[in-house]
*Asks:* 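Shown below is the structure under consideration.
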Amino acid sequence: ERRATAPLERLLAVFDVLGEWCGMAGFRGCPFINAAAEYGEPESPIRQACAEHNRIFYTYMRDLAAAAGVAEAEELARQLVSLFQGAIVIAYVNGEADAAKLAGNAARILLENKLAQPAAEPAAAASG
């Protein structure tokens, strides 16, 4: 949040910060992803805490997308979180230092696409 003030800029800034984090010495991936893999039972309190962390991040991204004027903020947030988490895994497992940059580029394309789409008409208005 210190890197950008506008919601749209913040959505993209998370990928810049991710790139810095993934490039740090000793980077071992996301502790929440790693813990969820170790505690695979859905009822595990550790797995539930990991899922809650994901929900919090998703909500943050969804709220930023809505504030940026994206009509389908929930869908975009799911897409951005998928890119974000995928970049973490690729950076760690494959050692690809540019995974966050690639994910950020894809996020920018998704955002531009969503912002260029006209708002969907309500179903009742479209049918009548």
Side-chain angles (χ1 to χ4, degrees):
E1 291 189 352
R2 289 180 286 211
R3 293 189 181 231
T5 55
L8 180 62
E9 294 168 352
R10 284 183 173 172
L11 283 168
L12 295 172
V14 298
F15 291 93
D16 295 335
V17 174
L18 176 63
E20 292 175 14
W21 178 46
C22 291
M24 295 175 94
F27 173 72
R28 300 271 188 252
C30 173
F32 294 98
I33 294 171
N34 296 344
E38 292 293 322
Y39 296 88
E41 294 298 319
E43 303 81 26
S44 164
I46 293 171
R47 172 96 179 258
Q48 290 176 6
C50 296
E52 178 62 16
H53 175 267
N54 279 349
R55 282 188 291 277
I56 290 168
F57 183 57
Y58 161 77
T59 299
Y60 175 73
M61 297 295 276
R62 183 200 65 207
D63 292 350
L64 284 177
V70 174
E72 297 174 356
E74 289 189 28
E75 179 181 4
L76 178 66
R78 290 180 63 209
Q79 292 168 330
L80 295 178
V81 169
S82 295
L83 285 170
F84 188 91
Q85 291 181 336
I88 292 170
V89 172
I90 291 169
Y92 178 53
V93 174
N94 297 351
E96 294 183 27
D98 64 344
K101 182 179 179 183
L102 294 172
N105 291 342
R108 182 176 306 280
I109 292 167
L110 282 170
L111 276 164
E112 290 170 355
N113 185 5
K114 292 287 184 191
L115 290 171
Q117 293 177 358
E121 293 183 27
S127 64

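What you see below is based on every heavy atom in this structure, not just the backbone, and it leaves out hydrogens, waters and symmetry mates. When a residue number appears, it is its place in the shown sequence, counting from 1. Since the structure is predicted, the reported quantities are computational estimates derived from the model, not experimental observations.
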*Asks:* Can you tell me how far CG of N105 sits from CG of L110, rounded to the nearest 0.5 angstrom?
*Replies:* 11.5 Å
*Asks:* Find out whether L8 and L115 are in side-chain contact, i.e. whether some heavy atom of one side chain is under 4.5 Å from a heavy atom of the other.
*Replies:* yes
*Asks:* Please find the pair of heavy atoms, one from A99 and one from A91, that lie closest to each other, and give the distance.
*Replies:* CB-N, 3.9 Å
*Asks:* Please report the interatomic distance CZ(R10) to OH(Y60), rounded to the nearest 0.5 Å.
*Replies:* 5.5 Å
*Asks:* Only one of Q79, K114, R78 forms a side chain to side chain contact (heavy atoms under 4.5 Å, CB included) with E72, so which one is it?
*Replies:* K114
*Asks:* Side chains of F84 and L80: does their closest heavy-atom pair fall under 4.5 Å?
*Replies:* no
*Asks:* Is it true that I109 and L102 fall in one hydrophobic cluster, defined by side-chain heavy atoms closer than 4.5 Å?
*Replies:* no
*Asks:* Just verifying a value: how many Å separate L64 CG and R62 CZ, rounded to the nearest 0.5 Å?
*Replies:* 10.5 Å
*Asks:* Atom CG of L83 and atom CD1 of I88: how far apart are they, to the nearest 0.5 Å?
*Replies:* 11.5 Å
*Asks:* Measure the spacing between CG of D16 and NZ of K101 and express it to the nearest 0.5 Å.
*Replies:* 10.5 Å
*Asks:* Would V93 end up clustered with L18 when hydrophobic side chains under 4.5 Å apart are linked, directly or stepwise?
*Replies:* yes
*Asks:* Do Y58 and V17 belong together in a cluster built from hydrophobic side chains that touch within less than 4.5 Å?
*Replies:* no
*Asks:* Check the hydrophobic clustering (I, L, V, M, F, W, Y; side-chain heavy atoms under 4.5 Å; chains of links allowed) and say if I90 and F15 are grouped together.
*Replies:* no
*Asks:* Report the distance from atom OH of Y92 to atom CZ of F27, rounding to the nearest 0.5 Å.
*Replies:* 8.5 Å
*Asks:* Indicate if M24 and V14 have the same hydrophobic cluster label, given that clusters are the connected sets of ILVMFWY residues with side-chain heavy-atom separations under 4.5 angstrom.
*Replies:* yes
*Asks:* Whether R55 and E52 form a salt bridge (side-chain N of Lys/Arg under 4.0 Å from carboxylate O of Asp/Glu) is what I want to check.
*Replies:* yes
*Asks:* If every non-hydrogen atom of P7 is compared with every non-hydrogen atom of A67, which pair is closest and at what distance?
*Replies:* CG-CB, 3.6 Å
*Asks:* Pair up each side-chain donor or acceptor in residues 30-44 with any protein partner under 3.5 Å, not counting sequence neighbours, and list the distances.
*Replies:*
residue: N34; atom: ND2; partner: R28; partner atom: O; Å: 3.0
residue: N34; atom: ND2; partner: C30; partner atom: O; Å: 3.3
residue: S44; atom: OG; partner: I46; partner atom: N; Å: 3.2
residue: S44; atom: OG; partner: R47; partner atom: N; Å: 3.4

